[in-house]
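Note that the structure is a prediction, hence the values are computed from the model and not measured. Just so it is clear, the values below take in all heavy atoms, side chains as well, and ignore hydrogens, waters and symmetry mates. Whatever order the structure lists ligands and atoms in, that order sets their numbers, starting from 1.
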Amino acid sequence: MKTLKYRRPRGTRDIIPEEYELRERLLEKVQKTIRAYGYKFIITPVFERTELFIRSIGDSTDIVEKEMYTFKDKKGRSFTLRPEGTAPVMRAFLENGIVPPAKLAYVMNMFRAERPQKGRLREFWQVGVEAIGVKDPLVDAEVIEMGYSILKELGAEKLVVLLNSIGSIDERQAYKKALLDYINEKEQDGSLDLCEDCKRRKNKNPLRILDCKIDGPKLKDAPSLTEFLSPESLKYFNEVKKYLDRWKVNYREEPRLVRGLDYYNHTAFEIVSEKIGVQDTLLGGGRYDSLAEDMGGPATPAIGWAMGLERIIDYFYRIPIIPGPFYFVTTVNEFSKGYAIGLLKKIREWKIPSDMTFEPKSLKAQMKIADRLNAVKAVIVGEDEIKLQKVRVRDLETGKEELVPEKDLVRIYEEYLAERRKKGLI
Ligand code: HAM
């Protein structure tokens with residue numbers, strides 16, 4: 001093959017028809033469930049003012065430090081392709097005067113300049129939800145339970161919710177100090193050597209070190225955030241767990257879970273599958289009660305999550321072979337071709353996927369094309385059939401034929417759909 005001049009950028013992917021079909025099927029299911037929980041869908045712009053992300057995600061996070069696709073427009077203003085959906089959705093909630101409580105959901109592509117590998121892309125799709133305006137442990141539990149149920153429904157196996165409470169800002173402040181003291185002490189006695197990133201982050205936000213893939217594990221004996229939670233925060237967290245128990249959500253407390261974004265407080269969680277290992281989180285989220293106020297809006301508590309669509313597809317699905325046109329109309333001569341063109345138009349008005357070849361070809365050659373296109377049935381329009389006001393339908397898998405009136409083409413298609421539905425193929 002000749003060498004192609006252009007290839008897609010690293011870490012992106014073309015969604016070719018087979019994967020497109022699979023995505024549509026998954027998204028249809030997910031959106032139905034999300035709507036059943038009372039959410040409405042929104043879409044925000046692909047790019048936003050860079051400031052929005054720096055202020056909300058936090059300037060010492062990996063996303064802001066290394067992963068944003070940022071560019072300047074002609075007037076020198078800085079914009080960034082959205083790396084996540086929570087900040088834009090909260091901005092849209094405030095800017096459009098949406099009245100709380102509001103349950104907003106989205107299916108949007110995100111952009112992060114990470115090192116590409118399986119399950120880690122530079123452009124990826126998230127399905128996310130944001131429950132804005134209510135602070136109650138029941139809401140936290142409901143949001144988590146919904147994510148857990150959706151992943152289950154999508155076929156993800158061996159799911160565990162990793163759960164933590166990262167407390168209020170003040171509680172975290174006290175913890176940060178204790179963590180920093182611990183780190184400094186260990187560094188001084190030579191038993192801890194942090195990576196370059198963490199050395200830099202240490203004084204800005206030591207919590208980020210817990211989230212670092214290299215240094216996080218070195219801190220397993222460091223003080224735990226849970227010890228710094230106030231009785232009220234602990235009570236809130238216990239209530240969340242109580243409801244999760246009641247709804248039989250499989251969760252595990254993970255006192256070191258801090259998440260890679262700065263806007264969280266209190267409940268923080270991730271859902272992983274023990275089948276694929278915990279490094280590739282399927283879903284992540286948490287409560288973010290001060291984000292609205294930080295953006296200049298009224299104090300508005302909120303909680304939400306996002307799941308990565310590609311991770312679900314790549315780990316739990318095989319890309320299906322999709323059928324081609326349902327009917328492939330074939331002709332035997334110019335006369336029958338004229339008739340067939342009219343029939344094709346009718347079939348399409350019935351919204352049945354159908355096609356034919358317009359080039360003059362033998363019936364055998366037309367059948368070959370039908371096969372190559374993975375068509376389900378051939379409709380043979382010959383002179384005898386036209387005289388009888390009928391068409392011959394050949395099943396391309398079994399070779400079985402039936403002579404039927406044109407309008408039966410609808411029935412045959414519907415029976416096929418019903419059969420596929422019964423087999424769970426659509
Ligand atoms: P996040 O943990 O950064 O949270 O991302 C959520 C999910 O997006 C991950 O669990 C993963 O499935 C997927 N994901 C993240 N990065 C990539 C990547 N490079 N390639 C493929 N998939 C990826 C957030 O984005 C928060 N906005 C979630 C949230 C909503 N919190 C509150 N509301």
- Hey, is NZ on K199 packed in by over 12 heavy atoms from elsewhere, all under 6.0 Å? yes

- Query: Between L121 and ligand 1, is there a nitrogen or oxygen pair with a distance under 3.5 Å?
  - Reply: yes

- Query: Any N/O of E310 closer than 3.5 Å to an N/O of ligand 1?
  - Reply: no

- Message: Does the plane of the ring in Y236 sit parallel, tilted or perpendicular to the ring in H266? Use 30° and 60° as the thresholds.
- Response: tilted

- Query: Which ligand 1 atoms does L283 reach within 4.0 Å, using its non-hydrogen atoms?
  - Reply: 10 (O)

- In terms of heavy-atom contacts, does NZ of K275 have more than 12 from other residues, nucleotides or ligands at under 6.0 Å? no

- Note on the structure: of all protein heavy atoms, closest to atom 26 (C) of ligand 1 is Y263 OH, 3.4 Å

- Item | Backbone or side-chain N or O of R259 under 3.5 Å from ligand 1 N or O | yes

- Does R112 have a non-hydrogen atom less than 4.0 Å from ligand 1? yes

- Does ligand 1 have an atom that lies less than 4.0 angstrom from a heavy atom of E270? no

- Quick one: sort the Y69 and F111 rings into parallel, tilted or perpendicular, breaks at 30° and 60°. perpendicular

- Message: I'd like to check which ligand 1 atoms, numbered from 1 as shown, lie under 4.0 Å from a non-hydrogen atom of W305.
- Response: 29 (C), 30 (C), 32 (C), 33 (N)

- Item | Polar side-chain atom of E310 near backbone of W125 as donor-acceptor pair, under 3.5 Å | yes

- Query: Where is the nearest protein heavy atom to atom 14 (N) of ligand 1: which residue, which atom, and how far?
  - Reply: F124 CE1, 3.5 Å

- Query: Under 4.0 Å from any heavy atom of R120, which atoms of ligand 1 are there?
  - Reply: 19 (N), 20 (N)

- Item | Nearest atoms (heavy-atom pairs only) where G284 meets R259 | C-NH2, 3.3 Å

- Message: Give me the nearest non-hydrogen protein atom to atom 30 (C) of ligand 1 as residue plus atom name, then the distance to 0.1 Å.
- Response: T86 OG1, 3.0 Å

- Would you please test M367 and F328 for side chain to side chain contact (heavy atoms under 4.5 Å, CB included) and show each step? CA-CA 8 Å; M367 287 297 180; F328 192 82; over 6 Å; no

- Item | Nearest-neighbour protein heavy atom for atom 31 (N) of ligand 1, which is reported as residue plus atom name and distance | Y264 OH, 2.6 Å

- atom 27 (N) of ligand 1 [closest protein heavy-atom partner, distance rounded to 0.1 Å]: E84 OE1, 2.6 Å

- Task: Check R348, K377, R372 against D355 for a salt bridge (Lys or Arg N to Asp or Glu O under 4.0 Å) and give me the one that passes.
- Result: R348

- Note on the structure: For G284, the ligand 1 atoms with a heavy-atom partner under 4.0 Å come out as 10 (O), 28 (C), 29 (C)

- Is a side-chain donor-acceptor pair under 3.5 Å present for D170 with S168? no

- Message: Tell me the contacting part of F269 for ligand 1: side chain, backbone, both, or neither, using a 4.0 Å heavy-atom threshold, strictly below.
- Response: neither

- Message: Give me the nearest non-hydrogen protein atom to atom 32 (C) of ligand 1 as residue plus atom name, then the distance to 0.1 Å.
- Response: G304 O, 3.2 Å

- Against heavy atoms of G119, which atoms of ligand 1 measure under 4.0 Å? 20 (N), 21 (C), 22 (N)

- Task: Could you list the atoms of ligand 1 found under 4.0 angstrom from a heavy atom of L282?
- Result: 10 (O), 12 (O)

- Item | Pair S273, Y315: side-chain N/O donor-acceptor within cut-off below 3.5 Å | no

- Message: Checking the side chain of Y175 only, and the main-chain atoms of P223 only, is there a donor and an acceptor separated by less than 3.5 Å?
- Response: yes

- Please could you name the atoms of ligand 1 that E130 approaches to less than 4.0 Å, counting only its heavy atoms? 30 (C), 32 (C), 33 (N)

- Item | Protein heavy atom at shortest distance from atom 7 (C) of ligand 1 | A306 O, 3.6 Å

- Message: Checking the side chain of Q366 only, and the main-chain atoms of T331 only, is there a donor and an acceptor separated by less than 3.5 Å?
- Response: yes

- Task: Return yes if a side-chain donor-acceptor contact under 3.5 Å exists between S149 and E153, otherwise no.
- Result: no

- Note on the structure: Contact region, Q126 to ligand 1, non-hydrogen atoms below 4.0 Å, reads side chain

- List every atom of ligand 1 that sits less than 4.0 Å from any heavy atom of Y288, numbering the atoms from 1 in the order shown and giving each element. 32 (C), 33 (N)

- Return the residue, atom name and 0.1 Å-rounded distance of the protein heavy atom closest to atom 10 (O) of ligand 1. T281 O, 3.2 Å

- Message: Is it the case that ligand 1 has an N or O less than 3.5 angstrom from some N or O of G308?
- Response: yes

- Taking N250 for its side chain and L159 for its backbone only, find out whether a donor-acceptor pair lies under 3.5 Å. yes

